[in-house]
Engineer: 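This is the structure, below, for whatever I ask next.
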Amino acid sequence: MEGGDHLAHERNKAEFDVNEMKIVWAGSRHAFEVSNRMSRLVASDPVFDKSNRAVMTRKELFKNTLRKSAHAWKLINELRLSDEESVIFKYFMDQPGFLDLHWRMFVPAIKGQGTEEQKQKWLPLANKMQIIGCYAQTELGHGSNVQGLETTATFDPQTDQFILHSPTQTSSKWWPGGLGKVSTHAVVYARLITNGKDHGVHGFIVQLRNLDDHSPLPGITIGDIGVKFGNGAYNSMDNGFLMFDKFCIPRDQMLMRLSKVTREGKYVPSDVPRQLMYGTMVSVRQTIVSNASVAMARAACIATRYSAVRRQFGSQNGGIETQVIDYKTQQNRLFPLLASAYAFRFVGEWLKWLYTDVTQRLEASDFATLPEAHACTAGLKSMTTSATSDGIEECRKLCGGHGYLWCSGLPELFAVYVPACTYEGDNVVLQLQVARFLMKTVAQLSSGKAPAGTTAYMGRAKHLLHCHSSIRKAEDWLNPAMVLEAFEARALRMAVSCANNLSKFENQEQGFSELLADLVEAAIAHCQLIVVSKFIAKLEGDIKGKGVKNQLKNLCYIYALHLIHKHLGDFLSTNTITPEQASLANNQLRSLYSQLRPNAVALVDAFDYTDHYLGSVLGRYDGNVYPKLFEEALKDPFNDSVVPDGYHEYIRPFIKQHLRSARL
């Protein structure tokens, strides 16, 4: 039976309205229509072909990325795409490049930190791409510790200029995308020094290259940091290094919304609260969580379709072999990843709401919810990106040996995605920020101050610290209140245990350092609770379409129960559940796998990804895997000749050598 027949048969099994599920996944009918239109616009344009990326040299790959970026900008203007359409269009290009940093980091930095006059000067140029910018913060010696940056910006009152300087090798700016070869300008973060006093890290708009011939300006050393992980992947991006040798810029190129330096060199903080910057941070992290759901969905789509096509063992009397997806071992590894894609999607939707809420509160000078918003966005960024990078690799292994082929799409996806565990905050460092917030929240419980938002459950500490799960049978694990209580009790008990252990140290910072591993685990438990609670909340909403809600329910409880299975030690050691209840959870999980099985292919179809975007022979919509694998192999330039270069020099002498008997 051909692969396409396999998947057609799989789609006929679906017990729900796939088109309605597509709308649920997209978030709305409008969002689905825009996404569908933009993805097909990209897929139909030969300029955006991705099939030969693996065989390009670095220079060819980079030039091809420039070509695609220029073509995309041309289309965006010719078709008069809206901002919403433009963002989605660029996303489906699926090619890391300088446009990413210009629009996601450089422009927002000026919008958020620039004065009205600065925005009027710089944004029209940036919006028309008459200048191309990047975000130069990370240095060779400092990443997560922003306050440790070494680049200096010393004000010279005689010239009314800042002198930017890189005093050490480790002060070199290192990693900014777009910096190495393309950007004409950068928002550079440096230590502001006036009258001999260090005022900490501030942002400056700095021109890097001549706008006529693109050469670096005198006093600037700039270049690309070299080849990165993967074959293709982020090697299409010119991540760069940058050093300043007493490079001067006008005083008004300091971003002065939050503070300024006068003509006389006096440092003056503005009346604008620094907390306003948190709104941008929440927005960036929300985007990262949403991207995690997309990357997980791509990997799960490839692995699910291929698992339905692939057959191994189980043949009876010479009959047809068993589909790999029918093995419980495959389901136990694959279906929780599929469920995770949906879970991360819905918590990403909630983060959009949180961003709107935080923005409105900030505009009203209400900063009360900022610490909680900061903590949950930091934790969710960390948790979802770590789970997704691990999930992509698991999907590669689920595809067996063929998953290791570049044309499976999974090695490339992993190489492109895995930096998300580091950029915008190292994942372990971010969870420690969550842990600090949790410790403060626990410490305030005795004061009578009611925790809010995602920590509201801690207000029921008296109950959660002593309650016993009332699970009696496997079906009870489908009761949302019982599931939530288990996750709440586990998270609270782990946080309280850490707080109790911290209290035994005279020096709290020393205690925090000693308990880092436990604190990270407590933070992860809190974040997993957030995701489970938002998935359950989604089920309580108005969900349309035949069978859609039932499939989402199955996915929700697969996600939750698999977490219990994976972190069983936490649930047992905190006495949240008993071993018997854990066994019932496993029984229910196996039942949910069986219920999900006939709908698996349709559930990944609901992502509505084109073959172009997936970029995978194994994940093709038609399931015609094996002929296409041969096509890909024969297209490789390595197969242009039958006899390889080097045969006469190295192989033939082996074959034709005259063996001599050795004398002992």
Engineer: Is it true that a side-chain atom of Ser382 and a backbone atom of Ala378 form a donor plus acceptor pair closer than 3.5 Å?
Structural biologist: no
Engineer: Under the side chain to side chain contact (heavy atoms under 4.5 Å, CB included) criterion, do Leu555 and Phe346 qualify, and how do the steps go?
Structural biologist: CA-CA 12 Å; Leu555 289 164; Phe346 299 143; over 6 Å; no
Engineer: Any donor-acceptor pair under 3.5 Å linking the side chain of Asn332 with the backbone of Thr329?
Structural biologist: no
Engineer: Going by side-chain contact (heavy atoms from CB on, under 4.5 Å), name the residues that satisfy it together with Ser470, two or more places apart in sequence or in a different chain.
Structural biologist: Met482
Engineer: Checking side chain to side chain contact (heavy atoms under 4.5 Å, CB included) against Trp350, which of Ile530, Val289, Val531 comes through?
Structural biologist: Ile530
Engineer: Would you say the side-chain atoms of Ser236 pair up with the backbone N or O of Gly97, donor to acceptor, closer than 3.5 Å?
Structural biologist: no
Engineer: So, Ser386 versus Asn427: side-chain donor-acceptor pair below 3.5 Å or not?
Structural biologist: yes
Engineer: Counting distance only, does the side-chain N/O of Ser166 pair as donor-acceptor with the main-chain N or O of Thr151 below 3.5 Å?
Structural biologist: no
Engineer: Can you name the side chain to side chain donor-acceptor pair (under 3.5 Å) partners of His468, sequence neighbours left out?
Structural biologist: none
Engineer: Looking only at atom types and distance, does a side-chain atom of Glu412 sit under 3.5 Å from a main-chain N or O of Ala233, one as donor and one as acceptor?
Structural biologist: yes
Engineer: Measure across Asn500 and Ser503 and return the closest heavy-atom pair with its distance rounded to 0.1 Å.
Structural biologist: O-OG, 2.5 Å
Engineer: Applying ring pair (Phe, Tyr, Trp, His ring centres under 6.0 Å) as the test, list every pair that has at least one member in residues 479-527; sequence neighbours left out.
Structural biologist: Tyr457-His526, Phe487-Phe571
Engineer: Working to the nearest 0.5 Å, report the span between CG of Leu519 and CE of Met439.
Structural biologist: 5.5 Å
Engineer: Taking all atoms of both residues into account, what is the closest heavy-atom pair of Leu572 and Ile577, and its distance?
Structural biologist: CD2-O, 3.5 Å
Engineer: For Gly178, is there any backbone N or O sitting under 3.5 Å from a side-chain donor or acceptor partner on Asp238?
Structural biologist: yes
Engineer: What is the distance from atom CG of Leu410 to atom CD1 of Ile302, rounded to the nearest 0.5 Å?
Structural biologist: 4.0 Å
Engineer: Taking C-beta and beyond as the side chain, do Cys395 and Leu337 meet within less than 4.5 Å on heavy atoms?
Structural biologist: yes
Engineer: Would the distance check show the side chain of Ser259 and the main-chain N or O of Pro269 forming a donor-acceptor pair, the cut-off being under 3.5 Å?
Structural biologist: no
Engineer: For the residue pair Tyr91 and Tyr613, categorise the inter-ring angle as parallel (less than 30°), tilted (30 to 60°) or perpendicular (more than 60°).
Structural biologist: tilted
Engineer: Taking atom CZ of Phe535 and atom OG of Ser340, what is their separation to the nearest 0.5 Å?
Structural biologist: 9.0 Å
Engineer: Quick one: which residue pairs count as a salt bridge (charged side-chain N to carboxylate O under 4.0 Å, His left out) with a foot in residues 366-388, not counting sequence neighbours?
Structural biologist: Arg361-Asp366
Engineer: About how many Å separate OG of Ser172 and CD1 of Ile225, when rounded to the nearest 0.5 Å?
Structural biologist: 11.5 Å
Engineer: Is a side-chain donor or acceptor of Asn586 paired with a backbone partner of His565 at a separation under 3.5 angstrom?
Structural biologist: no
Engineer: Sequence neighbours left out, what pairs pass side-chain hydrogen bond (donor to acceptor under 3.5 Å, both in side chains) with at least one residue falling in residues 508-518?
Structural biologist: Arg436-Glu509
Engineer: Suppose we screen for side chain to side chain donor-acceptor pair (under 3.5 Å). Which residues come up paired with Ser293, at least two apart in sequence or across chains?
Structural biologist: none
Engineer: Which residue pairs pass the salt bridge (charged side-chain N to carboxylate O under 4.0 Å, His left out) test with at least one member in residues 290-303, sequence neighbours excluded?
Structural biologist: Asp94-Arg298
Engineer: Using the test side-chain contact (heavy atoms from CB on, under 4.5 Å), find all partners of Pro451 that sit at least two apart in sequence or belong to another chain.
Structural biologist: Thr441, Leu445, Thr455, Met458
Engineer: Look only at the side chain of Thr304 and the backbone of Cys301, and say whether a donor-acceptor pair between them is shorter than 3.5 Å.
Structural biologist: no
Engineer: How many angstroms lie between CZ in Phe241 and CG in Leu179, if you round to the nearest 0.5 Å?
Structural biologist: 8.5 Å
Engineer: Using side-chain contact (heavy atoms from CB on, under 4.5 Å) as the criterion, list what pairs up with Thr578, not counting sequence neighbours.
Structural biologist: Glu580, Gln581
Engineer: Look only at the side chain of Arg396 and the backbone of Gly409, and say whether a donor-acceptor pair between them is shorter than 3.5 Å.
Structural biologist: no
Engineer: Around Lys228, counting heavy atoms of other residues, nucleotides and ligands shown, do more than 12 lie under 6.0 Å from its NZ?
Structural biologist: yes
Engineer: Sequence neighbours left out, what passes side-chain contact (heavy atoms from CB on, under 4.5 Å) with Arg493? Give chain and number order.
Structural biologist: Leu465, Cys467, Ala489, Thr574, Asn575, Thr576
Engineer: Would you please name every residue forming a side chain to side chain donor-acceptor pair (under 3.5 Å) with Ser307, sequence neighbours left out?
Structural biologist: Gln330
Engineer: Would Glu394 and Arg333 pass as an ion pair if we require N to O under 4.0 Å?
Structural biologist: yes
Engineer: List for me each residue that meets side chain to side chain donor-acceptor pair (under 3.5 Å) alongside Asn587, sequence neighbours excluded, and say none if there are none.
Structural biologist: Arg590
Engineer: Look at Lys352 together with Glu349 and state whether they make a salt bridge at an N to O cut-off of under 4.0 Å.
Structural biologist: no
Engineer: Applying ring-ring contact (aromatic ring centres under 6.0 Å, His included) between Tyr342 and each of Phe335, Phe607, Tyr557, Tyr559, report the one that passes.
Structural biologist: Phe607
